[in-house]
Amino acid sequence: MIFSFVSLFELALLVIGSMLLLYRWGYGIAHALSLSIVISLMALSLIFQAAFLVGVPELSYPLEGALVVGSVVMIFKERHRLIEICVSLFQFMRCYSVMSGVVVLCIAYLGLQAIVLPEGNYDSMRYNLTRVLLFQQERSMLLTNVTEYHQAVFPVGGDILSHLFLRYYTDYGLATIRFLAYLSIGFGSYALSRNHASSNVAWTVMLIVISFPLLVRQATGTKPDIMATSVVVLCFLCAERLLSRPNLRDGLLVVLGLGFGMSIKTTFLAFLIPFFLLFACSFLKRHGVETILRIFRQNRLWVIIIVPAVLVFSQLWLFLHNYNHWGHWSGPTGFVNFHKNQDGLLGTVANLLRYAVQCLHLMTPTDIVSSWMGFGFVSDMFERAYELLLYPVIGDSGAAWHNNVVSFSLSDLSWGDSENGAWFGPFGFFFVIPALVYTIICGSTILRMTSIVLVIYTVVLSWQLSWMPWNCRYF
C-alpha cells in the first residue's frame, strides 16, 4: 500500500507544479486547476506509452523523476503564487460557505472512495485493468494472445495510466486518476461558464455538472471514459482562448489534447473531426491563415518537438497492428460489426430515440416517491411506453441484440444507480438539453460551436454504434 501513496504523491506534485506554471503564464485559477490535471495525465500517458513501445517499461522511471523534480522546483520558486491561489480559493468558499462546505465534504468522500475501494466493474476487471497487467507481463502493448479482443484492440492511452499503480501490484488509489479527471471537469465547467456569465452563474453550472450521476459514478471507477470528457473540456477551454488571442501554448494544448483523446477512446473521433473543422473555420474567419503561418515560422522547433508525441497518441501503431493481426484496424471483423450499427438511417433514428428515453433519468428517489404515492415506478411507466409506442415502430433497428435477448430496461433494483446504468439525472435533461438548443440559436460563436459539436457527436455515435443499455458512458 505504501507504493500507492508514492504514486499519489507523484500525481499531486505534477498537478500542483503544472497548475503553478499555467498560473504564472496568465491562466485563471479555474483554468489552471482544470488544465493542470489533464496535462499531468497526458504527460504520464505519453511516457508510459513511449516506454512500452520501445520495449523498456522501466524507462518511465527516470522520465517521471525528471517531471517530479521540475514540479518540485516550480513549487519552491512559485510558492508565493501557491499561497495566493489557496487564499483566493478560501475567500471564494467563504462567499458560498454553506454550499462550499457540502461540496468539499462530498468531494472528500468521493476521493476517499477512489483511494480505498476495490474495483468491481465487470468491464474494468475483464479488460481495462487486465490488459495493463498483460502489458507489464509482455513488456509490450501489441498483444496477440488474449482472452478478450477488448484487451488487445482498444486504444491504450487511458488504460495505461493504471500502470502508475499496477506496476507495484497494488490497487489502492487506482481510481484516483478518474477522480482527478472528475475534478478537472468541475473546474473546467466553472472556467467555461465564467467566460460568459457571472461568478454566481458559473458556480451554479459547476454544481450541476459535478452532480451528474454518470460523472459521480465514473469518478470512483477505473474506466477511461471520464478522462475523454476531461480532454473535451481542455479543448474547449484552450480553443476559446486561441480564438480570442492566437498563441502557441493554447495551440499546442489543443493539438496534444486531441491526440490524447484519440488515444483514450476510438469514439473520440466523433468529437475530434467536427471540433477541428468548426474550430478551424472560426479561427480562419477571424484571424486568417497568415496568423497560423506566422506562429509556425516563429516556433518551428516546438512544432517539430510535438510531432513524435502526436504520433504516439494517434494510435496509428496500434491500428496497423490490429489490421495486420486481426484483419481490421479496430479488431476482428466480426467483433467490429457486432458493435457497429448495421441499419443505417433507421438505426440512427432508433438509437437517438432510445437515448432520449434513457437520458430522462429521474433516478431512484423518484421511483420510491411515486411507488409510495401508489402510482408505481415511473421508470416502469417509461419502459411500458417504449414497448407500446416506440418498439412497434423501430423494432430492433440499431440495437446489438434482439429485444428478447437484451430488453430496453431503465431500472432493475435501482434507476441508474450504477456506473453502467447512470445518465445525467434530471438536471442533465431539463437544463443541459434546453441550453444546447438555446446556444445554437442565440449563443456567441464559441458557445454555438460547442453546442453544434456536441450535437454532431451524439448523432455520429447513434449512427456508428449499435445500441446497448450501457452506452451511457460514451456521452
Side-chain angles (χ1 to χ4, degrees), residues 185-186 188-198 200-215 225 228-230 232-233 235-237 239-240 243 267-268 270-282 285-286 341 345-363 366 378 382 385-386 389-390 393-394 398 410 416 422-465 467 471-475:
I185 294 167
S189 63
Y190 179 90
L192 284 169
S193 302
R194 190 67 183 89
N195 291 338
H196 304 276
S198 67
N200 290 335
V201 172
W203 172 241
T204 303
V205 169
M206 177 181 172
L207 292 178
I208 290 174
V209 169
I210 63 176
S211 69
F212 288 158
L214 179 60
L215 294 183
D225 306 272
T229 306
S230 67
V232 168
V233 173
C235 291
F236 282 135
L237 283 172
E240 185 166 12
L243 281 176
T267 51
F268 193 82
F271 167 82
L272 188 155
I273 294 174
F275 172 83
F276 176 79
L277 292 176
L278 288 175
F279 170 73
C281 291
S282 298
K285 182 179 179 181
R286 184 174 299 189
N341 169 24
L345 180 60
L346 178 59
T348 304
V349 174
N351 289 341
L352 284 170
L353 291 172
R354 293 188 186 101
Y355 294 138
V357 177
Q358 284 183 296
C359 76
L360 184 52
H361 179 204
L362 303 182
M363 306 174 64
T366 303
V378 175
F382 287 168
Y386 171 84
L389 301 177
L390 288 181
V393 178
I394 63 178
L410 296 177
W423 278 76
F424 298 100
F427 287 145
F429 186 86
F430 292 111
F431 289 145
V432 174
I433 294 178
L436 284 174
V437 176
Y438 175 81
T439 50
I440 288 175
I441 298 172
C442 305
S444 62
T445 300
I446 186 67
L447 291 178
R448 186 178 293 113
M449 183 185 78
T450 300
S451 298
I452 292 174
V453 168
L454 295 178
V455 170
I456 293 175
Y457 173 81
T458 302
V459 174
V460 171
L461 279 188
S462 302
W463 168 44
Q464 286 295 306
L465 296 181
W467 177 84
N471 279 2
C472 53
R473 64 185 186 273
Y474 296 122
F475 296 92

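Scope of the values below: all heavy atoms of this structure, side chains included, with no hydrogens, waters or symmetry mates. Only a predicted model underlies this, so the values are computations on that prediction, with no experimental measurement involved.
- Counting only heavy atoms from C-beta outward, the side chains of F430 and L360 approach each other to under 4.5 Å.
- Closest heavy-atom contact between E240 and I446: OE2-CG2, 3.7 Å.
- Pairing each heavy atom of I433 with each of C359, the nearest pair is CD1-SG, 4.0 Å.
- The closest donor-acceptor contact from the side chain of S189 to the backbone of G186 lies under 3.5 Å.
- One distance of note links CD of Q358 with SG of C472; it measures 7.0 Å at 0.5 Å rounding.
- Of all non-hydrogen atoms in G188 and V233, the two that sit nearest each other are CA-CG1, 3.6 Å.
- Counting only N and O atoms by type, the side chains of Q464 and N341 include no donor and acceptor under 3.5 Å apart.
- Using a 4.5 Å cut-off on side-chain heavy atoms (C-beta onward), V453 and L278 make contact.
- The shortest non-hydrogen separation linking M363 to G425 is SD-CA, 4.2 Å.
- When all heavy atoms of V460 and A270 are compared, the closest pair comes out as CG1-CB, 3.7 Å.
- Counting only distance, with no hydrogens or angles, the side chain of R448 and the backbone of S451 share no donor-acceptor pair below 3.5 Å.
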Checklist entry - side chain to side chain contact (heavy atoms under 4.5 Å, CB included) between I185 and I210: does it pass, once the steps are laid out? => result CA-CA 8 Å; I185 294 167; I210 63 176; over 6 Å; no

Checklist entry - Could you go step by step and tell me if T204 and Y190 meet the side chain to side chain contact (heavy atoms under 4.5 Å, CB included) rule? => result CA-CA 8 Å; T204 303; Y190 179 90; over 6 Å; no

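- Expressed to the nearest 0.5 Å, how far CG of L454 lies from CD1 of I440 amounts to 8.5 Å.
- Expressed to the nearest 0.5 Å, how far CG of L237 lies from CG of N195 amounts to 7.5 Å.
- Without hydrogens or angle criteria, N351 side chain to L465 main chain gives a donor-acceptor distance under 3.5 Å.
- Closest approach of I208 to S211, counting heavy atoms only: O-OG, 2.7 Å.
- Atom OH of residue Y438 and atom CG of residue L447 lie 9.5 Å apart, to the nearest 0.5 angstrom.
- Looking at F279 and L243, their side chains come closer than 4.5 Å, going by heavy atoms from C-beta outward.
- Distance check, rounded to the nearest 0.5 Å: CZ of F276 to CZ of F271 gives 12.5 Å.
- Between V209 and L215, some side-chain heavy-atom pair lies under the 4.5 Å cut-off.
- Atom CG in L345 sits 11.5 Å away from atom OG in S462 (nearest 0.5 Å).
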Checklist entry - After noting the C-alpha distance and the side-chain angles of H361 and F427, does the key distance pass the side chain to side chain contact (heavy atoms under 4.5 Å, CB included) rule? => result CA-CA 9 Å; H361 179 204; F427 287 145; over 6 Å; no

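- Considering Y474, F429, F475 as possible partners of W423, the one that fulfils the ring pair (Phe, Tyr, Trp, His ring centres under 6.0 Å) test is F475.
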Checklist entry - Could you walk me through whether R354 and N471 pass the side chain to side chain contact (heavy atoms under 4.5 Å, CB included) check? => result CA-CA 11 Å; R354 293 188 186 101; N471 279 2; over 6 Å; no

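- Taking the six-membered ring for Trp and the full ring otherwise, the centers of F212 and F424 sit less than 6.0 Å from each other.
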